[in-house]
Each structure stands twice: as structure tokens, then as C-alpha cells.
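The structure presented is a predicted model; accordingly, all values stated were derived computationally and were not measured. Residue indices begin at 1 and follow the sequence shown. Note: hydrogens, waters and symmetry copies are ignored here, and every other heavy atom, side chains too, is used.
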Amino acid sequence: MLRSVRRPRPDRAGGRGMCFYALVALAVLAAAPLVTLLLGRWCHQPSVTPSPFCAFHHRLTGAHGSRTSELRGQPADGVPAGSSGGRQNKLQEALKNNDTRQGGVAGSVKDQTVSPQAAQAPSKPPLQPPQQPPLSQPQQQQQPQEKVEGDPNHPHDTHGVDDVVTPRSDEDIERIMQFPHVDECNLCQVCVPHSVVAKHPKAQERAKTLQHILEVGDLVEDPKSYEIPAGSERKPTTWRRRLDELESIESDNILEMRGRMINISEIAPGNTRAPLRTHLPNCTVCWGCKHTLEPMASGDILFDSYYAHEPGGSPSWLFQVRTNKTKSGWAIVKTWCVPVLKVKQRGLAMCQPKKVYTQVKLLLAQQQITANCGLNEIVPKLWIEPIHGVLPGHGFRIDWLGMWFDVAEGVSVQNIHEFGKPPVKPEVMLELFSNKANHTEVALGAVFDLLFSQCDRHQQNIFMTESGQLRFIDNDQVYATAWRKCGIDSMIVPTTQKFMINHLGFFYVLKYPQSDPPKTWVTQPNPLLLLDYRCHVDGGEIGRNFPPSLQQCMRDLAKMDAETITREYGYPAMRMADAIRNRSRDMLEHGYEWTLLHGEPSNQPMHRYKMATACCNMEYDRNTHQYICTTPGYQQMTEIPFGNAWHGGEFNGPVEKDTGTYVGGTLQ
């Protein structure tokens with residue numbers, strides 16, 4: 001039974017509605033100044049984490065020099081993060097004005113960076129410090145131009161603070177020492193390195209309390225500095241306990257390596273550091289940092305084209321730091337659990353120390369085996385070492401362990417293929433991938449990926465130089481730690497998904513969208529197929545033709561049991577050690593190709609593809625703007641396995657729309 005509803009008269013409804021909205025508007029206008037004031041005071045507190053409310057307030061008031069912009073990695077004065085020009089201006093201005101606190105620690109002023117509104121507010125004139133001459137310089141130098149993001153004319157503009165100021169006299173050092181030590185600041189915009197003032201008595205006294213930071217070796221070469229105190233050692237791990245941990249991908253903070261137990265808890269201190277500093281003042285200039293942290297280079301130039309480096313999706317922070325442990329004099333340092341938002345990052349990532357410990361142990365184990373097997377020429381060296389500096393453009397102090405990497409020269413092969421400005425000539429690219437590529441390094445890369453069960457060798461994780469040298473980076477996604485069950489996935493190794501994506505196209509191989517996956521594939525050959533390892537070895541097979549150092553290394557691994565390998569190299573889980581033992585044994589006994597098809601660990605059936613024909617020669621038709629594979633007998637292998645190509649398991653969409661035609665791994 002329908003009920004009748006009495007409808008109000010249109011004139012009454014309209015009148016009441018207008019009155020209601022008018023009252024609401026008046027209330028909002030009356031409350032707006034109060035809300036703006038409260039938001040302003042709250043958002044400018046140093047301890048406040050950025051929020052959408054603060055972002056709204058800054059847009060409303062135009063407070064671009066606010067706390068929110070700083071936490072996103074942007075300096076308060078609008079200078080791009082890490083710009084040497086911005087740091088130089090801050091430092092020179094502070095030295096010129098000699099900003100110091102009366103009756104306290106020199107140069108430490110609470111919240112020195114203020115918003116435009118605070119700067120315009122009427123206030124008493126500040127106390128004028130005594131006029132002192134600026135830092136002595138042998139001659140007037142022109143200030144460096146600010147780096148423009150993506151500008152090919154500034155691909156290596158990474159000058160540090162130690163380039164900004166070099167004291168020329170004792171007077172210069174005395175004036176620097178008037179500023180506070182970095183440990184006395186919450187945030188510090190510019191940190192003069194400790195090495196600049198190391199001879200000053202005040203700096204020498206401070207160094208005694210920072211001995212563990214200033215004079216410590218790296219974990220691989222000098223692990224004694226990190227050994228845990230006597231009496232706090234973890235009990236020896238039993239075989240049964242190792243078996244119980246087979247399915248665990250998290251690890252504790254104790255690294256067992258070659259009979260030593262080493263505490264690596266300082267690699268991921270969590271979010272405990274920042275709250276302990278909020279009571280300290282924010283400083284424009286300080287001194288005492290061990291390292292000058294530089295932003296990553298924006299790009300590089302190859303073949304007269306500019307290539308912007310991919311930003312990556314990791315929430316961890318990466319910096320360039322000077323070091324004497326690499327040929328280039330630079331290292332890339334990766335730090336975890338930094339409570340500061342990166343540019344375009346929506347929110348702080350969860351700090352998960354146990355997963356970081358797992359990643360670090362894995363990388364250190366791989367580093368040692370890689371060196372023993374003679375594969376260290378294709379993989380950047382890495383080590384653990386303390387990092388002590390301030391976040392460029394923000395000022396947050398990082399003073400814990402970092403993962404240091406040698407710099408990989410060149411740019412990613414995806415960059416070369418897709419993103420050159422201007423685009424690289426097709427003929428030049430084909431020559432680079434087919435003939436100029438270092439054939440030995442391509443083959444060793446394929447061996448490395450299979451030996452260590454690498455599962456993330458996509459186009460951004462292979463770097464290449466103009467001369468054809470290759471470097472394989474980001475090697476932490478492996479069997480047992482990858483985001484899905486995986487035995488190997490590499491774009492240079494056939495039968496894997498990343499290879500097939502270059503062979504047939506992303507959407508066809510991934511069956512996307514699963515509700516209606518595409519039924520056709522990309523027919524034009526991808527130039528990246530030229531990096532197929534079979535194109536760079538005699539006869540198209542590696543077989544058992546391994547270098548002598550690699551053969552001996554694999555023999556040693558094949559003789560050990562998984563427990564011994566775990567203790568020797570510090571693997572976080574025994575199944576990782578078991579995997580590399582199996583790989584070594586199979587490659588020695590049966591050869592590379594047999595191990596790829598039949599060895600363990602293996603991929604899931606839906607990620608095991610038929611062996612496609614190699615395309616080792618290409619031409620570019622300038623009339624049709626198409627690449628053509630000229631390898632005799634080449635034909636695309638268009639069949640793909642049944643199942644969910646993303647995460648594994650059954651196909652998620654309608655069964656009748658699954659474009660797979662066979663069970664993966666059953667036919668080769």
C-alpha cells in the first residue's frame with residue numbers, strides 16, 4: 001500500500017532553504033579567521049606532520065615557506081631541494097649577519113624560517129650583532145646557477161656544502177664555530193662538514209663523543225666496529241629453528257656472518273629519533289656533519305641526448321655522498337625510516353625494521369658471494385656504513401646506518417629506448433644493443449639472475465653506457481623476498497614474464513584488463529629483445545661454459561649444506577641459501593639452459609612461458625617507421641599460459657576469456 005506524502009509548497013521550501021544557506025554562509029565567514037589562525041599556529045609547529053588541513057591552510061594564506069613544504073623536501077625559500085645556490089645564499093647571509101643568540105649557543109634561533117605573514121607582521125627591530133668581515137676569499141666568485149629539474153645543461157649539478165664554503169683563515173674557522181653543532185639543532189638547513197673545522201679544539205672535543213660515527217669502517221670490510229657487546233649475544237641458531245623460519249620473510253637485528261654476531265639495528269632506528277629533537281631549536285647554519293648529503297643526479301647525457309633518471313617508487317631516501325671507497329669518488333646511500341615526506345609522496349611509509357633487516361642481510365650475503373664468484377664487475381659494490389648529515393632542502397638530521405652503493409654509470413635501457421631528449425636515433429640504439437653491448441657482461445648478467453633467483457630484472461634495472469658496459473642494479477627482489485612467488489624473472493632471459501613483455505607487449509602478456517583481456521599482441525619487435533643473452537654467446541647457449549672463478553665458486557657452494565651457507569654469508573632465511581646451493585649444483589651438472597627450464601626454485605605455472613625464438617638482428621625502416629627483425633627463421637611465439645598473470649593462481653576474470661592456451665612449464 002502506497003502512502004501519500006505531503007509535499008511542501010514551493011514558495012515555503014525555497015524560502016526556508018535560502019534562509020538556512022544564508023545562516024550557514026554567515027557562520028562560515030565568521031569562523032574563517034579563527035580557523036585560519038588556529039591552523040596557522042598548529043601547522044607551523046616543528047613536530048607537526050603535514051596533513052591535508054595544513055595544505056589547505058597554506059594554499060589559503062599563501063604560506064609557501066611553511067612546515068608542509070619543508071617536509072615534502074622543498075626548502076622554505078622556494079629554492080629546489082638540494083640546490084647549491086640556495087644553500088650558499090643561506091650560509092653567506094647567515095655569516096654576513098652573524099646571526100647568534102645572546103647568552104646561549106651561537107647561531108641557534110628557534111624557527112628561523114618564517115612564513116611571509118610572520119615576516120610582514122609589525123615587530124620590534126632585531127638586535128644588531130657586531131659587524132664582522134665576511135669569509136675571506138682569494139677572489140670574488142660567481143654564484144652557481146640553480147639547477148633546473150630535467151635541464152640537460154645541468155645533469156651533474158651536485159655541488160655540496162664543502163664546495164660552498166672553504167675557510168681561508170683561522171678567523172673564518174672561528175666564525176663558523178660560533179654556530180651550533182648539528183646535535184644542538186632540531187633541523188639544520190646548512191651543515192658545515194666536520195672536516196672543515198676538524199683542527200679547532202672545540203671540534204676535536206666534540207669528535208671524542210662521536211667516535212663511533214667519525215671513525216668507523218664498513219660492515220663487510222671492518223665488522224668489528226659493529227659487534228654486539230659481550231653477554232648480549234643471541235643464542236646459537238639450531239637446525240630445527242632454521243627449519244621453522246623457512247616461511248618467514250622477516251628477520252631480527254642480529255646478523256650472523258662467519259662466526260660473528262653483528263648488531264644492525266641502527267640500519268632502521270624507526271621513528272624514535274625525531275620526537276627526541278623537537279625541543280631543540282631549528283638552525284639555519286650548523287657544523288659537525290660527517291657527510292654532505294646531495295640529491296640524486298637528475299639525469300645524464302648519452303649520444304647527445306638527455307635522459308632524466310627514473311624517480312623510482314621506493315619510500316626510502318637516496319643520496320649522493322662523497323667517499324674514497326669508489327673509483328668515481330661518489331656513492332649512493334640508501335636510508336630507511338626517514339620521517340620526512342618525499343616530493344609527490346602522499347604519506348609516510350610504515351617503518352618496518354624487521355623487513356629492512358631481511359633486505360640488508362640478503363644484499364650483504366649476495367655481495368660476498370658475488371665477489372667470490374667474480375661477478376662483482378656487473379653489480380655495483382655495496383656496504384654498510386654510518387651516515388651523518390642533514391636532509392638537503394629540509395634539515396632533518398640522519399645519523400644512523402645506511403646502505404652504500406657504488407654509482408652505476410650510464411642510464412637504464414628503458415630510458416635509452418623511450419625517453420631521450422631528443423630521442424636517440426634508431427640506428428644508434430640498435431647498434432648499441434646488438435654490437436656495442438659487452439657480450440660477456442650480458443651473459444654474466446643472465447647467470448647472475450639465475451644463480452641468485454632475481455625476480456625484478458626489468459628495463460629500469462639494467463644500466464648501460466655509450467661504450468656498451470652494463471650494470472645490474474636493485475637486486476633485492478629475489479626468491480623468498482619478492483612480492484610474489486618467483487624463481488627468476490629477467491628481461492634478458494627467455495621463458496620469463498619480463499622477457500615476454502618485450503616480446504609480445506605488456507597488456508597482452510599481463511592479460512589486462514582481466515575482465516576483457518586483449519586478444520592481439522604487439523607485432524613490431526622491441527629493440528630490447530636484442531639484449532636476449534642468447535644473442536651474445538656462441539651458439540646461443542651458455543651450457544656449462546662458465547668462467548673459472550665462477551665454476552670454483554659454484555663448486556664450493558654445491559658442497560655446502562644450506563645451514564653452512566647461511567652461517568657463512570648471513571642469509572636471513574635458510575631457503576635462500578638452499579636455493580643458491582641448488583642453482584650451483586644444477587648449473588655445474590646440467591648446464592645453464594637445463595637449470596632454467598627444470599631447476600629449483602621455479603616460477604609458478606602461469607609465469608612459465610614457452611621458449612621464444614631469439615631476435616638478434618634488427619633494422620629500422622624509415623619509410624614505415626617500424627623495426628624489423630632480420631634474424632633468419634624468427635617468428636613470434638604468441639601463446640601464453642593459463643592463469644592469473646599478475647599474482648599467480650587461477651584467472652580472475654571469466655574463465656572463457658582467459659587468453660592462455662597451455663599449462664605453463666609443461667611444454668617448451
message: Counting only heavy atoms from other residues, nucleotides and ligands, does the tally under 6.0 Å from CD of E409 exceed 12?
response: no
- prompt: Has the side chain of H607 got a donor or acceptor atom that lies under 3.5 Å from a matching backbone atom of A645?
  reply: yes
message: Less than 4.5 Å apart, side chain to side chain, heavy atoms only: is that true for L363 and M403?
response: yes
- prompt: Is the backbone N or O of Q454 less than 3.5 Å from a side-chain atom of D449, with the two atoms forming a donor-acceptor pair by type?
  reply: no
task: Output, in order, the C-alpha distance, side-chain angles, deciding distance and verdict of side-chain hydrogen bond (donor to acceptor under 3.5 Å, both in side chains) for R608 and Q604.
output: CA-CA 6 Å; R608 300 178 67 181; Q604 299 180 85; over 6 Å; no
message: Just checking Y592 against F546, ring centres under 6.0 Å apart?
response: no
field: Test of ring centre spacing under 6.0 Å for W383 and F405
entry: no
message: Does D621 have more than 12 heavy atoms from other residues, nucleotides or ligands lying within 6.0 Å of its CG?
response: yes
query: Do T630 and E619 have a side chain donor and acceptor closer than 3.5 Å?
result: no
F452 and F448 aromatic ring geometry - parallel, tilted or perpendicular at 30°/60° bounds: tilted
- prompt: More than 12 heavy atoms of other residues, nucleotides or ligands under 6.0 Å from CZ of F507: is that the case?
  reply: no
- prompt: Which atoms form the tightest heavy-atom contact between Y508 and T520, and what is the distance?
  reply: CD1-O, 3.3 Å
field: Taking every non-hydrogen atom, the tightest pair across R583 and L451
entry: CG-O, 3.6 Å
field: K436 side-chain N/O to E466 backbone N/O, donor-acceptor pair under 3.5 Å
entry: yes
message: Tell me the closest heavy-atom pair linking D516 and K519, and the distance in Å.
response: OD1-NZ, 3.7 Å
message: Less than 6.0 angstrom from the centroid, inside 45 degrees of the normal: does K657 satisfy that with respect to the ring of F651?
response: no
Validation row: Q497, Y609 side chains within 4.5 angstrom (heavy atoms): yes
- request: Answer yes or no: is there a donor N or O on one side and an acceptor on the other, between the side chain of H417 and the main chain of P527, under 3.5 Å?
  value: no
- prompt: Where is the tightest heavy-atom contact between S549 and G374, given as atom of each residue plus distance?
  reply: OG-CA, 4.0 Å
task: Evaluate the side chain to side chain contact (heavy atoms under 4.5 Å, CB included) criterion for residues Y479 and I488: first the C-alpha distance (whole Å), next the side-chain angles of each, then the deciding distance (0.1 Å), finally the verdict.
output: CA-CA 7 Å; Y479 167 70; I488 177 176; over 6 Å; no
task: Please assess N415 against Q460 for the test side-chain hydrogen bond (donor to acceptor under 3.5 Å, both in side chains), listing each intermediate value before the final yes or no.
output: CA-CA 7 Å; N415 232 337; Q460 293 184 10; over 6 Å; no
query: Do the side chain of N438 and the main chain of E441 share a donor and acceptor less than 3.5 angstrom apart?
result: yes
message: Within the structure provided, determine whether Y533 and I542 are in side-chain contact (heavy-atom separation under 4.5 Å).
response: yes
message: With a 4.0 Å cut-off on N to O distance, would you call R622 and E427 a salt bridge?
response: yes
- prompt: Would W400 and I267 satisfy side chain to side chain contact (heavy atoms under 4.5 Å, CB included), going step by step from the backbone distance to the final call?
  reply: CA-CA 6 Å; W400 52 81; I267 197 72; over 6 Å; no
More than 12 heavy atoms of other groups within 6.0 Å of Q552 CD: yes
task: Report yes or no: does Q367 contribute a side-chain atom to a donor-acceptor pair with the main-chain N or O of L382 at less than 3.5 Å?
output: yes
query: Charged N to carboxylate O under 4.0 angstrom, R581 versus D578?
result: yes
query: Should S298 and Y306 be marked as a side-chain hydrogen bond (donor to acceptor under 3.5 Å, both in side chains) after you check the CA-CA gap, both sets of side-chain angles, and the distance that decides it?
result: CA-CA 10 Å; S298 59; Y306 175 72; 3.2 Å; yes
CD/E650: more than 12 non-hydrogen atoms of other groups inside 6.0 Å: no
message: Can you give me the closest heavy-atom contact between E266 and P269, atom names plus distance?
response: O-CD, 3.8 Å
query: Backbone N or O of S490 within a donor-acceptor pair of the T496 side chain at under 3.5 Å?
result: yes
message: Surrounding CG of N435 (heavy atoms of other residues, nucleotides or ligands, distance under 6.0 Å), is the total greater than 12?
response: yes
- request: Determine the sole option in I384, I332, I387, T326 for which the side-chain contact (heavy atoms from CB on, under 4.5 Å) test with W404 is passed.
  value: I387
- request: Using the six-membered ring wherever Trp is involved, compare the ring planes of F499 and H503 and label them parallel, tilted or perpendicular (cut-offs 30° and 60°).
  value: parallel
task: Could you tell me which non-hydrogen atom of E589 sits nearest to which non-hydrogen atom of R544, and how far apart they are?
output: O-NH1, 3.0 Å
- prompt: Is there side-chain contact between N644 and Q514, with heavy atoms separated by less than 4.5 Å?
  reply: yes
- prompt: Hey, are the side chains of D300 and Y307 touching, using non-hydrogen atoms and a 4.5 Å cut-off?
  reply: no
field: Test item: T595 side-chain N/O and G599 main-chain N/O as donor-acceptor pair under 3.5 Å
entry: no
field: Verdict with reasoning, C535 to C616, per disulfide (SG to SG under 2.5 Å)
entry: CA-CA 5 Å; C535 300; C616 300; 2.1 Å; yes
message: Could you check whether D658 pairs with K511 (Lys NZ or Arg NE/NH1/NH2 to Asp/Glu carboxylate O, under 4.0 Å)?
response: yes
- prompt: Yes or no on side chain to side chain contact (heavy atoms under 4.5 Å, CB included) for N475 and R457, after CA distance, side-chain angles and deciding distance?
  reply: CA-CA 8 Å; N475 301 310; R457 187 68 64 219; 2.5 Å; yes
message: Run R471 and V379 through side chain to side chain contact (heavy atoms under 4.5 Å, CB included) and show every step you take.
response: CA-CA 6 Å; R471 295 296 180 266; V379 179; over 6 Å; no
message: Could you check whether any side-chain N or O of T631 sits under 3.5 Å from a backbone N or O of N617, counting only pairs where one atom can act as donor and the other as acceptor?
response: yes
task: Examine the side chains of D489 and N603 and answer whether a donor and an acceptor come within less than 3.5 Å of each other.
output: no
- request: Kindly indicate whether the side chain of L302, heavy atoms from C-beta on, has any atom under 4.5 Å from the side chain of V424.
  value: no
task: Start with the C-alpha gap between N461 and H458, add the side-chain angles, then the distance that decides, and say whether side-chain hydrogen bond (donor to acceptor under 3.5 Å, both in side chains) holds.
output: CA-CA 6 Å; N461 286 344; H458 54 70; 3.3 Å; yes
task: Check for a donor-acceptor pair, side chain of Q524 on one end and backbone N or O of Y627 on the other, with a separation under 3.5 Å.
output: yes
query: Under a 4.5 Å cut-off applied to non-hydrogen side-chain atoms, are T613 and M637 in contact?
result: no
- prompt: Under a 4.0 Å N-O cut-off, is there an ion pair linking R567 with E563?
  reply: yes
query: Would one find more than 12 heavy atoms of other residues, nucleotides or ligands at under 6.0 Å from atom OH of Y512?
result: no
- prompt: So do C553 and C373 have their SG atoms closer than 2.5 Å?
  reply: yes
